Amino acid sequence: MYKNIYITSILVFVITATSFAQLKTPAASTSAKIIQTVGLTDIEIHYSRPSARGRKIFGTEGVVPFDALWRTGANAATKITFTDDITISGKQIKAGSYAILTKPGTSAWNIYFYPYESGNWTSYVEKKPTVTVTSNSKKVLDPIETFTISIDNIIMENADLVFAWENTKVVLPMGVEVHKKTMASIEKTLAGPTTFDYFRAALYLHESGKDLDTALDYIQKATKGDNPRFFQVHREALILADLGRKTEAISAAKRSLALAKKAGNDDFVRLNEQSIKEWSK
């Protein structure tokens, strides 16, 4: 009996230990992530970095044969994400995430960008890429042991997407839009705060009880336009009431009530009706 209990205890221990223990070993090809801003555009790359380890890399007898599709790294498909539309080697590519496959050649590479779906690189082989570019490869004197993707030569509106391994380097010029986005930001900022900015400032001051007079000034800047929102006018009514200006508060609440009815917002219809009743006592 005791022997059976002992064996059972050992089995429970082994099963429990197996469930919770996970063996960790170094990956043969480590994962890497690059986050780089070019102009006003963020570029993020996820890929794996195999090392040569004495092997020939490119060519008929190499790890990566010429004129064969390559996942451009190891393990999963390489993923690149752009927050804005850009150009790569003069070709337009929309904002979004893409899987990169390449076909290295003796003097040039074809680089293919596919809408990213998964890390399974073989799933892209039969699909048509969104963008295909070709770039000459360059020989470098100092061998590069570990495959590297980088974003180099960054200036205001341009940068290079670089693939490098062994004695080979491929450079893709990238272009981003800066002027239009910058001017839009400048014009928006110089035009001054929006009605919503004034509303948010008034909301903070009112809720915190810091400065009701300034809160009223801000909220009335938000509500004086041709198209105020019912919740903005309701906030004006609340601030007026807290300042003891009940007649003006009732007038604002009636205005908010009409706007809420027009917008079909029953919650604010009820809130305004309750406020009007309370302040009319």
Side-chain angles (χ1 to χ4, degrees), residues 35-44 80-87 92-97 115-116 154-159 174-281:
I35 301 176
Q36 178 65 59
T37 299
V38 180
L40 297 173
T41 299
D42 292 330
I43 302 172
E44 186 169 328
I80 188 167
T81 301
F82 311 104
T83 56
D84 298 297
D85 298 352
I86 70 165
T87 61
Q92 295 283 340
I93 185 165
K94 295 289 186 182
S97 295
Y116 188 85
I154 302 166
I155 55 175
M156 186 73 71
E157 298 181 343
N158 300 282
M174 296 189 296
V176 299
E177 176 56 61
V178 172
H179 183 67
K180 287 182 180 178
K181 290 184 68 176
T182 302
M183 289 308 301
S185 178
I186 291 172
E187 289 167 5
K188 180 180 178 181
T189 301
L190 296 184
T194 65
T195 57
F196 192 68
D197 292 328
Y198 280 120
F199 168 71
R200 291 182 63 184
L203 180 64
Y204 164 72
L205 290 173
H206 184 219
E207 291 292 331
S208 64
K210 297 292 186 183
D211 188 343
L212 293 184
D213 289 321
T214 303
L216 180 63
D217 179 52
Y218 287 158
I219 198 64
Q220 289 182 334
K221 283 182 168 65
T223 61
K224 71 177 181 180
D226 296 331
N227 189 32
R229 305 296 298 276
F230 56 85
F231 57 85
Q232 294 172 330
V233 181
H234 180 71
R235 180 59 57 171
E236 180 183 2
L238 293 175
I239 295 171
L240 284 164
D242 285 346
L243 285 168
R245 297 160 62 172
K246 295 292 180 67
T247 301
E248 294 170 86
I250 291 169
S251 177
K254 288 179 178 179
R255 185 183 180 202
S256 177
L257 175 61
L259 291 169
K261 286 181 176 179
K262 184 177 180 180
N265 191 295
D266 294 336
D267 289 337
F268 273 84
V269 167
R270 185 171 61 257
L271 285 172
N272 281 295
E273 288 176 340
Q274 291 172 350
S275 295
I276 293 168
K277 183 179 178 180
E278 178 184 346
W279 299 332
S280 299
K281 294 178 180 178

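FYI, the numbering just counts along the sequence from 1. These numbers come from a predicted model, not from an experiment.
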Is the shortest side-chain heavy-atom distance between [X] and [Y] below 4.5 Å?
| X | Y | answer |
| --- | --- | --- |
| L259 | R229 | no |
| R255 | P228 | yes |
| Y198 | I219 | no |

Atom [atom1] of [X] and atom [atom2] of [Y]: how far apart are they, to the nearest 0.5 Å?
| X | Y | atom1 | atom2 | value |
| --- | --- | --- | --- | --- |
| K254 | S256 | NZ | OG | 13.0 Å |
| L212 | L243 | CG | CG | 5.0 Å |
| R270 | N265 | CZ | CG | 9.0 Å |
| E248 | L240 | CD | CG | 5.5 Å |
| T195 | R200 | OG1 | CZ | 12.0 Å |
| E278 | Q274 | CD | CD | 9.0 Å |

Determine, for K221 against D217, whether the closest basic-nitrogen to carboxylate-oxygen distance falls under 4.0 angstrom.
yes
Heavy-atom pair of closest approach, residues [X] and [Y]:
| X | Y | value |
| --- | --- | --- |
| I250 | S280 | CD1-OG, 3.6 Å |
| I154 | T37 | CG2-O, 4.3 Å |
| A241 | K246 | O-CE, 3.9 Å |
| H206 | L238 | CE1-CB, 3.7 Å |
| Q232 | A222 | OE1-O, 3.8 Å |
| A253 | I276 | CB-CG1, 3.6 Å |

What's the verdict on side-chain contact (heavy atoms from CB on, under 4.5 Å) for V269 and L257, showing C-alpha distance, side-chain angles and the deciding distance?
CA-CA 5 Å; V269 167; L257 175 61; 3.7 Å; yes
For residues 249-281, which residue pairs pass the ring pair (Phe, Tyr, Trp, His ring centres under 6.0 Å) check, not counting sequence neighbours?
F230-F268, H234-F268
May I ask you to check whether T83 and D42 show a side-chain donor-acceptor distance below 3.5 Å?
no
Do we see a donor-acceptor contact under 3.5 Å between the side chains of N272 and S275?
no
Heavy atoms from other residues, nucleotides or ligands near NZ of K181 exceed 12 (cutoff 6.0 Å)
yes
Examine distances only and state if a side-chain atom of T41 and a backbone atom of D84 form a donor-acceptor pair shorter than 3.5 Å.
no
Residues R235, L203; criterion side-chain contact (heavy atoms from CB on, under 4.5 Å); working and verdict:
CA-CA 7 Å; R235 180 59 57 171; L203 180 64; 3.3 Å; yes
